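Positions are given from 1, in the same order as the sequence printed here. On a predicted model such as this, the values are computed, not experimentally measured, just so you know.
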Amino acid sequence: MRIPSKIKDQTGQTLVVMVFLMIVATTIGVTISNRFMSTLKGFVRTDDSTKALRAAEAIIERLLVVPNETLEGYIAFGNCGSACTYSITEPNGNIISANVTLEYSGNSTDPFSLGLEPGEAGQISLQGYTSGSSLDVCWQSASSIHAAYIYEESAVTKINSYAVNSVSSPYSGNGFDTAVANHGYPNCFTINTMVTPKYIRIRPYYERAVVYAVPAIGQTIPRQGIIMDAHGYSGETVKHITVLKTDAMAPAFFDYALLQTSEVSDLTNNYGP
């Protein structure tokens, strides 16, 4: 029996349409599957990122409550050991871990920097810095800087006050001195250390400033605290946190209590009664 050619053509067209629909359906399925897997991997990466960050934060928080004397021993003898590492394994087999390295902040011939907001006080220890030497205080912004050099003489704590505008300061009416360019910075002034150096208290005014304490040639900025450099791990994700645990410092109102020369005086370089 012969099948009419018209019916043969229709059968062939139907087969082509079915094959085309199968290809389209497979393509859509693969696309949806890829998007689902990509979304799932994104969720996993986000989850790992959160876990790695929390691991790094956790080991930092654990060491922040450890006395500085103990941390100094870890640095001196390299025996931080289990105090500086930890690892946990989740039920699904994923390992979350963290480790931290410790080193001194400062303790270097390089400039030491402080980033300070307007009115915020920063403190730099000079304990061990050579008396009769010098220390330059430098910055780059148009901020004005007040610095209090605190020293000890015959068991009495004393202070020398420095108030300095930037070279191109728009605040020249405040009665401060004017900085000079030095060490590659546009604004610097020199503090001459005397007797037994203790601290420098630094406070910017009007604008934020990154302030650099530049030691004299042959001098070393004493240590200012302990740097905790932590890495947290989860899956293939790594998170990095650096925290400075500073030595004890006086609160912000400390400077105002020392610098008030009278009940009505402004902050200037003039020493009133």
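Inspection of the Asn174 and Tyr206 side chains reveals an N or O donor paired with an N or O acceptor under 3.5 Å. No side-chain donor from either of Gln224 and Ser105 sits under 3.5 Å from a side-chain acceptor of the other. Side chains of Tyr199 and Gln127: a donor-acceptor N/O pair is present below 3.5 angstrom, by distance only. A donor-acceptor pair shorter than 3.5 Å cannot be found between the side chains of Asn165 and Thr178.
Linking ILVMFWY side-chain heavy atoms closer than 4.5 Å, directly or via other members, places Tyr129 and Val214 in two distinct hydrophobic clusters. If you chain together hydrophobic residues whose side chains sit under 4.5 Å apart, Tyr212 and Ile200 never meet in one group. Cluster annotation: Val211 and Val180 are assigned to distinct hydrophobic clusters (Ile/Leu/Val/Met/Phe/Trp/Tyr, side-chain heavy-atom contacts under 4.5 Å, transitive). Criterion: ILVMFWY side-chain heavy atoms under 4.5 Å apart, direct or through other members. Under it, Val137 and Met194 are part of a common hydrophobic cluster. Under the 4.5 Å side-chain heavy-atom criterion for ILVMFWY residues, a single connected hydrophobic cluster contains both Ile59 and Leu64.
Residues Tyr86 and Ala55 approach most closely at OH-CA, 3.0 Å, considering heavy atoms. Val167 approaches Pro186 most closely through the heavy-atom pair CG2-O, 3.1 Å. For the pair Ser49 and Lys239, the tightest heavy-atom approach, listed with the atom from each and the gap, is OG-CE, 2.9 Å. Taking every heavy atom of both residues into account, Glu207 and Pro204 meet most closely at O-CB, 3.8 Å. Heavy atoms only, all atoms of each residue included: Ile159 and Ala148 are closest at CD1-CB, 3.4 Å. Listed here is the closest heavy atom pair of Asp110 and Pro215: O-CD, 3.9 Å.
How far CD1 of Ile221 is from OG of Ser108: 8.5 Å, rounded to the nearest 0.5 Å. In this structure, the separation between CH2 on Trp139 and CD1 on Ile145 is 5.0 Å, given to the nearest 0.5 Å. Residue Leu63 holds its CG atom at 6.0 Å from CG of Leu71, rounded to the nearest 0.5 Å. Summarising the geometry, atom CZ belonging to Phe189 is positioned 12.5 Å from atom CG belonging to Asn182; distances are rounded to the nearest 0.5 Å. Summarising the geometry, atom SG belonging to Cys84 is positioned 11.5 Å from atom CG belonging to Asp229; distances are rounded to the nearest 0.5 Å. From Ile75, atom CD1 reaches atom CD1 of Ile227 across 9.0 Å, with rounding to the nearest 0.5 Å.
Formation of a donor-acceptor pair under 3.5 Å by the Arg62 side chain with backbone atoms of Ala83 is found in this model. Counting only distance, with no hydrogens or angles, the side chain of Ser169 and the backbone of Tyr171 share a donor-acceptor pair below 3.5 Å. Between the side chain of Lys245 and the backbone N or O of Val66 there is at least one donor-acceptor pair closer than 3.5 Å. A donor-acceptor pair is defined here as one N or O able to donate and one able to accept, closer than 3.5 Å; such a pair exists between the side chain of Arg203 and the backbone of Gly119.
More than 12 heavy atoms of other residues, nucleotides or ligands shown are found within 6.0 angstrom of CD on Glu153.
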Quick one, His146 with Ser161, criterion side-chain contact (heavy atoms from CB on, under 4.5 Å). Give me CA distance, side-chain angles, the key distance, then yes/no. CA-CA 7 Å; His146 174 264; Ser161 179; 2.8 Å; yes

I'd like to know whether Thr190 forms a side-chain hydrogen bond (donor to acceptor under 3.5 Å, both in side chains) with Asp136, so could you lay out the CA-CA distance, the side-chain angles of the two residues, the decisive distance to 0.1 Å, and finally the verdict. CA-CA 4 Å; Thr190 299; Asp136 290 334; 2.5 Å; yes

Step-by-step side-chain contact (heavy atoms from CB on, under 4.5 Å) determination, Ser131 to Thr196: CA-CA 6 Å; Ser131 176; Thr196 304; over 6 Å; no

So Glu72 and Arg223, salt bridge (charged side-chain N to carboxylate O under 4.0 Å, His left out) or not? Walk me through it. CA-CA 11 Å; Glu72 291 166 7; Arg223 71 174 186 81; 2.3 Å; yes

Test log, rule side-chain contact (heavy atoms from CB on, under 4.5 Å), inputs Thr242 and Met228: CA-CA 6 Å; Thr242 302; Met228 302 177 180; over 6 Å; no

side-chain contact (heavy atoms from CB on, under 4.5 Å) between Ile202 and Leu116: does it pass, once the steps are laid out? CA-CA 9 Å; Ile202 297 174; Leu116 300 170; 4.2 Å; yes

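By the 4.5 Å heavy-atom criterion applied to side chains, Glu120 and Pro118 are not counted as neighbours. Within the 4.5 Å cutoff, side-chain heavy atoms of Val195 are placed close to those of Tyr151. For the pair Ser141 and Ser166, the minimum side-chain heavy-atom distance is 4.5 Å or more.
Here Ala56 pairs with Ala230, Ile241 under the side-chain contact (heavy atoms from CB on, under 4.5 Å) rule; sequence neighbours left out. With sequence neighbours excluded, no residue satisfies ring-ring contact (aromatic ring centres under 6.0 Å, His included) with Tyr104. Residues passing the salt bridge (Lys or Arg N to Asp or Glu O under 4.0 Å) test with Arg54: none are found, sequence neighbours excluded.
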Donor-acceptor contacts, no H, no angles, side chain residues 92-99, under 3.5 Å, sequence neighbours left out:
| from | atom 1 | to | atom 2 | distance (Å) |
| --- | --- | --- | --- | --- |
| Asn92 | OD1 | Asn94 | N | 2.9 |
| Asn94 | OD1 | Gly235 | N | 3.2 |
| Asn94 | ND2 | Glu90 | OE1 | 2.8 |
| Asn94 | ND2 | Ser234 | OG | 3.1 |

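Residue pairs meeting the disulfide bond (SG atoms under 2.5 Å apart) criterion with at least one member in residues 103-209, sequence neighbours excluded, are Cys138-Cys188.
Between Tyr149 and Tyr162, the distance from one ring center to the other does not fall under 6.0 angstrom.
Val238 belongs to a hydrophobic cluster with Tyr233, counting contacts under 4.5 Å between side-chain heavy atoms of Ile, Leu, Val, Met, Phe, Trp and Tyr, direct or through other members.
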